[in-house]
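Structure first, commentary second.
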Amino acid sequence: MKKRYTLLWLIPLILAISLIPIITHSVIYRETVFLILMYITLAVSLNIILGYTGYVSFGHVVFFGIGGYTSFYLMHKFGIHLIFAMIMGGVVSAIIALIVGEAVLKLRGAFFAIATIGINEAIKSLVTNLSWLGGATGMFFNFKIYKTYGGAAKAIWFAYCLMVIVTIVSLVTSYFIKNSKFGYGLFAIREDEDAAIVLGVNAKRFKSIAYAISAFFPGLVGAIFFFKAGNIEPEDAFHLVKSIEMIFMVMLGGFGTISGPPIGAILYERLKGILLVNPLFKNLHMAITGLILLIIILFAPGGIVGTLRNRFKKIRSLLE
Amino acid sequence: MILELQSVTKKFGGLVAVDNVSFKVKKQEIFGIIGPNGAGKTTLFNVISGVYYPDGGKIFFNNKEITNTECYRRTRLGIASTHQIVKPLNELTVLENIMVGACFGKKSATLKQSVSIAEEIVDVVGLTEKKEVLAGKLNVPEKKRLELARALASEPDIILLDEVLAGLNPAEADEMLKVIQKIRESGITILMIEHLMHAIMKLSDRIIVLDYGAKIAEGTPEEIANDPKVIEAYLGDPDLALKLIKSKENSL
């Protein structure tokens with residue numbers, strides 16, 4: 001068996017980044033790192049269906065929204081603790097992915113991508129029209145909710161720590177899928193689904209499970225994000241631009257790899273930070289993102305990690 | 001009887017691609033299927049491997065009916081197949097391609113076992129030097145061998161070979177023939193489609209001939225070569241048939 005070291009540097013790196021705001025007690029750093037961790041988890045989970053299985057889920061933000069709404073409603077109405085509400089958010093996202101996947105995973109290529117956009121828009125308008133979910137204006141927390149966690153300030157630090165844990169779990173999951181029989185089945189589906197079936201891969205079930213796992217983590221992230229924000233509304237929860245950002249991060253870092261999506265996520269967060277504060281570029285940041293995406297697809301389809309792996313064979317066991 | 005087809009029919013719209021075909025394959029036999037282009041040979045293979053379900057008739061494998069069994073389940077039961085138009089998993093290495101075959105085939109190996117199975121099989125098909133190369137980078141004869149290797153890795157009872165010799169030069173074809181014989185010696189039943197007459201006549205124990213989807217003859221290579229219907233439908237020239245039989249006798 002090949003030796004694989006990727007997680008040995010990736011997890012310490014992410015833990016080190018996560019420790020910066022805790023040590024410095026800086027709220028600004030905390031917000032930045034929170035966003036980085038959120039992007040990492042979103043990119044890593046999208047990579048499971050996009051990078052490993054080869055299905056471009058264009059509307060993947062829908063699971064972020066579903067997880068957010070599920071947990072927000074549970075906390076808001078029933079005062080359920082964030083941890084349980086978050087897990088429910090993930091589970092509901094995964095279940096909806098299983099149900100929806102039953103229909104859309106039969107589609108291949110562009111048709112699947114378009115269908116997932118449709119699902120996002122459909123669920124967005126559904127939520128907008130449900131008055132018990134707050135309709136178009138969404139829901140707001142009563143400040144009393146934060147009391148359980150020792151006040152609003154402590155609640156946000158709690159949410160931050162939870163985000164660190166979710167990120168690490170998503171990375172470990174991604175690693176174990178990639179190095180498992182299940183993972184090899186997914187790669188076979190990505191490369192040639194018909195050949196995979198003839199080779200004995202139960203493609204239908206494998207795709208469903210991969211889709212459910214890749215929906216579970218955005219559900220968790222959505223729960224933490226909207227808990228921290230204190231309000232939720234359809235425009236934020238089902239914002240298609242977030243989907244595009246997720247695809248961008250996966251492609252930038254290197255799809256189908258373990259370390260690619262986190263690297264892409266960190267770089268994207270930094271890039272966005274630089275562009276948004278620059279008066280010249282602040283309105284152009286999606287345009288620049290699109291341009292970079294185009295360049296990656298044309299000249300380095302393997303992304304950063306894929307390109308480095310091709311160029312330098314010796315570091316392959318370190319960079320997976 | 002390892003495989004039995006009872007009046008299997010497959011239609012595509014108005015076209016009857018496989019028309020009421022029945023035959024039985026014995027264990028450890030090399031069973032050839034020949035016929036002109038478009039006779040329905042590959043469709044017949046796809047019906048056996050489960051890519052298509054038949055519109056009529058029944059299929060039995062090891063005396064169990066598999067007519068409506070899904071494709072991937074048939075592979076797990078022990079039916080492996082190769083594609084006429086090669087379908088390598090391009091971004092995986094040769095070794096990983098074979099590992100996929102081992103993991104999800106009849107053997108259902110663990111990932112660890114699949115590595116050692118794959119290491120063994122790259123030797124059998126002669127791809128040892130290319131085992132770390134991405135499958136997409138192989139040339140066509142190598143991709144054909146990879147198809148065979150993946151099918152073998154599943155440790156099947158029966159293997160369906162769809163024109164594994166096509167497109168190979170004489171030296172490569174000879175090597176492939178040796179591999180096929182090795183496979184038979186290891187106890188695997190072989191069902192093969194082949195256009196290379198010399199090869200299929202030499203290898204097969206029994207042959208069936210398809211024409212317009214229907215079976216027009218069944219028998220030993222000699223019987224097939226002497227069958228006037230076959231000669232008319234396929235070989236065209238009776239003298240060629242006689243020559244082929246002679247070359248078989250000489251080579252044996």
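Convention: sequence-line order gives letters A, B, ...; per-chain numbering from 1.
With a threshold of 4.5 angstrom between heavy atoms, B:Ser49 does not approach chain A through any atom at all. With a 4.5 Å cut-off on non-hydrogen atoms, B:Ala153 does not touch chain A at all. Neither the backbone nor the side chain of B:Ser116 comes within contact range of chain A; no heavy atom of the residue lies under 4.5 Å from a heavy atom of that chain.
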Mind running side-chain contact (heavy atoms from CB on, under 4.5 Å) on B:Val51 and A:Asp194 for me, showing each step along the way? CA-CA 8 Å; B:Val51 174; A:Asp194 296 320; over 6 Å; no
Apply the test side-chain contact (heavy atoms from CB on, under 4.5 Å) to residues A:Asn202 and B:Tyr72: give CA-CA distance (whole Å), side-chain angles for both, the deciding distance (0.1 Å), then the verdict. CA-CA 6 Å; A:Asn202 185 349; B:Tyr72 73 90; 3.0 Å; yes
Using the rule given for side-chain contact (heavy atoms from CB on, under 4.5 Å), can you reason through A:Phe187 versus B:Glu91, listing the C-alpha separation, both sets of side-chain angles and the distance that settles it, and then say yes or no? CA-CA 9 Å; A:Phe187 303 153; B:Glu91 294 292 315; over 6 Å; no
Run the numbers on A:Val198 and B:His83 for side-chain contact (heavy atoms from CB on, under 4.5 Å), then give the verdict. CA-CA 9 Å; A:Val198 171; B:His83 298 93; 3.8 Å; yes
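Atom CG of B:Leu134 and atom CG of A:Asn310 lie 7.5 Å apart (nearest 0.5 Å). Note that CD of A:Glu193 and NZ of B:Lys87 are 10.5 Å apart. Values are rounded to the nearest 0.5 Å. For the atom pair B:Asn90 CG and A:Arg190 CZ, the distance stands at 10.5 Å (nearest 0.5 Å). In this structure, CD1 on A:Ile197 lies 10.0 Å from CD on B:Glu70, to the nearest 0.5 angstrom.
Counting all heavy atoms, side chain and backbone alike, A:Leu199 lies closest to B:Gly101 at CD2-CA, 4.2 Å. Listed here is the closest heavy atom pair of A:Ala195 and B:Leu89: CB-CD2, 4.5 Å.
Between A:Phe182 and B:Phe104, the ring centre distance reaches or exceeds 6.0 Å.
Using a 4.5 Å cut-off between non-hydrogen atoms, no part of residues 92-101 of chain A approaches chain B.
Within 6.0 Å of CZ in A:Arg108 there are more than 12 heavy atoms belonging to other residues, nucleotides or ligands.
Under the side-chain hydrogen bond (donor to acceptor under 3.5 Å, both in side chains) criterion, B:Glu65 pairs with B:Thr67, sequence neighbours left out.
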